[in-house]
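Notes follow the structure.
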Amino acid sequence: VNIKDNNFLKPLDERVPPVTPAVEEATISLAPYMNCSPYTVADTFSLSEAYVLFRTMGLRHMLVVNGHDVIGIITRKDLLGQNMQESLEMNCGL
């Protein structure tokens, strides 16, 4: 089962609300705290391999890319047993 074959991957626009002028004025730069080299996986990456990366590297979030474009994000919570089982049953009939 690939990452793009199920509903773990949510488009970024669903997770990020639009920025209003008031929010933009109150915004601070998080650049000093950001990871400049985040872990990324292709949208064709298998769920089992993604799970292994989360477990071995102690990750909380992982970006999903198609070429150079970020198309989504997977969190540790997305790969928890119950969430994964429900998603697999819904999308793959497992």
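Just the heavy atoms: all of them, side chains too, but no hydrogens, waters or symmetry mates, feed the values below.
In this structure, Thr40 OG1 and Leu53 CG are separated by 9.5 Å, a value rounded to the nearest 0.5 Å. Asp78 contributes atom CG, which lies 9.0 Å from atom NE2 of His61 (distance to the nearest 0.5 angstrom).
Linking ILVMFWY residues whenever their side-chain heavy atoms come closer than 4.5 Å, directly or via other members, leaves Val52 and Leu63 in distinct clusters. In the hydrophobic cluster analysis, where Ile, Leu, Val, Met, Phe, Trp and Tyr join through side-chain heavy atoms closer than 4.5 angstrom, Met34 is grouped apart from Ile73.
Across all their heavy atoms, Pro38 and Asn35 have their closest contact at CD-O, 3.6 Å. When all heavy atoms of Met62 and Phe54 are compared, the closest pair comes out as CE-CE1, 3.0 Å.
Under the side chain to side chain contact (heavy atoms under 4.5 Å, CB included) test applied with Val64, the options Thr44, Ile71, Val70 reduce to a single match, Ile71.
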